[in-house]
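Read the structure below first, then the notes.
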Amino acid sequence: MAGRRALHFVFKVGNRFQTTHFFRDVLGMKVLRHEEFEEGCKAACNGYDILYLKSPDDHFVAELTYNYGIGDYKLGNDFMGITLASSQAVSNARKLEWPLSEVAEGVFEIEAPGGYKFYLQNRSLLQSDPVLKVTLAVSDLQKSLHYCINSLLSSQCKLELQGIKGAVDHAAAFGRIAFSCPHKELPDLEDLMKKENQTILTPLVSLDTPGKATVQVVILADPDGHEICFVGDEAFRELSKMDPEGSKLLDDVMCYDPSQ
């Protein structure tokens, strides 16, 4: 089970221009790569933009999935926020007059376009990942902890589970958290989930990106329906190398998209 690490969280976004402005200019993220697909992929993706803080090789990133023709997504109660340590993001928000609400001493709540919540700690971590944790709602904390202990091991960005009353509602904006895993362990992970009678949304499949590495993934659903993607680590490291043209490609396509 060694070698697993948290990779990214997938956000569905309706306004690519405003969302990119928030992630780049407020949070201070950089574009890792931009890709467009004419059809949905085998893992239910479309054109997407990936942004990151610091090194993409070992830091948690945000994957923004934009589907043409969809201007907004209804939020549920499943995603409760991402916490990151960045005094620069706090400074950026103040400078750009982006609404901030101090919810604890030195901790500010901020909303991305579409309503996704982020929590900014007014401090900086120079030698570690500034993304501290992803918080998801669960209806039965003990049941979810048991599930995670069996399948989700990561020494990097923490996955925080917060119990709520009632059912978890994913609505239309439901996201997906991704973890890497040595590719040789993916079949065993899939077999374990089958033996445990757990939900497998996408059985082990290879995903092709023209001109880039082919990655293998298996996508699961936890007891509350949170989507969890495991990606073959070796190929993903090759796929996730920074594209120096990524930012320009994103800006160019937004210029020609009339909905933005």
Would you check if the distance from the ring center of F118 to the ring center of F22 is below 6.0 Å?
-> yes
Indicate yes or no for a side-chain donor-acceptor contact from D222 to the backbone of G225 under 3.5 Å, with no hydrogens or angles considered.
-> yes
Side-chain ion pair, E238 and K241, N-O less than 4.0 Å = yes
Cation-aromatic face contact R176/F11, 6.0 Å, 45 degrees = no
Quick one: is the NZ or CZ of K12 closer than 6.0 Å to the six-membered ring centre of F174, and within 45° of its axis?
-> yes
Look at the side chain of D72 and the backbone N and O of G14, then say whether any donor-acceptor pair between them is shorter than 3.5 Å.
-> no
Can you say whether the rings of H8 and F236 are parallel (under 30°), tilted (30 to 60°) or perpendicular (over 60°)?
-> tilted
For the side chain of E234 and the backbone of H183, is there at least one donor-acceptor N/O pair under 3.5 Å apart?
-> yes
To the nearest 0.5 Å, tell me how far K133 NZ sits from F60 CZ.
-> 13.5 Å
Backbone N or O of G106 within a donor-acceptor pair of the E102 side chain at under 3.5 Å?
-> yes
Between E35 and R33, does at least one N-O distance fall below 4.0 Å, as a salt bridge requires?
-> yes
Using modelled atom types only, decide if a donor and an acceptor are shared between the side chain of S91 and the backbone of S87 within a distance under 3.5 Å.
-> no
Salt bridge between K248 and D252, side-chain N to carboxylate O under 4.0 Å?
-> yes
Would you say the side-chain atoms of W98 pair up with the backbone N or O of V90, donor to acceptor, closer than 3.5 Å?
-> no
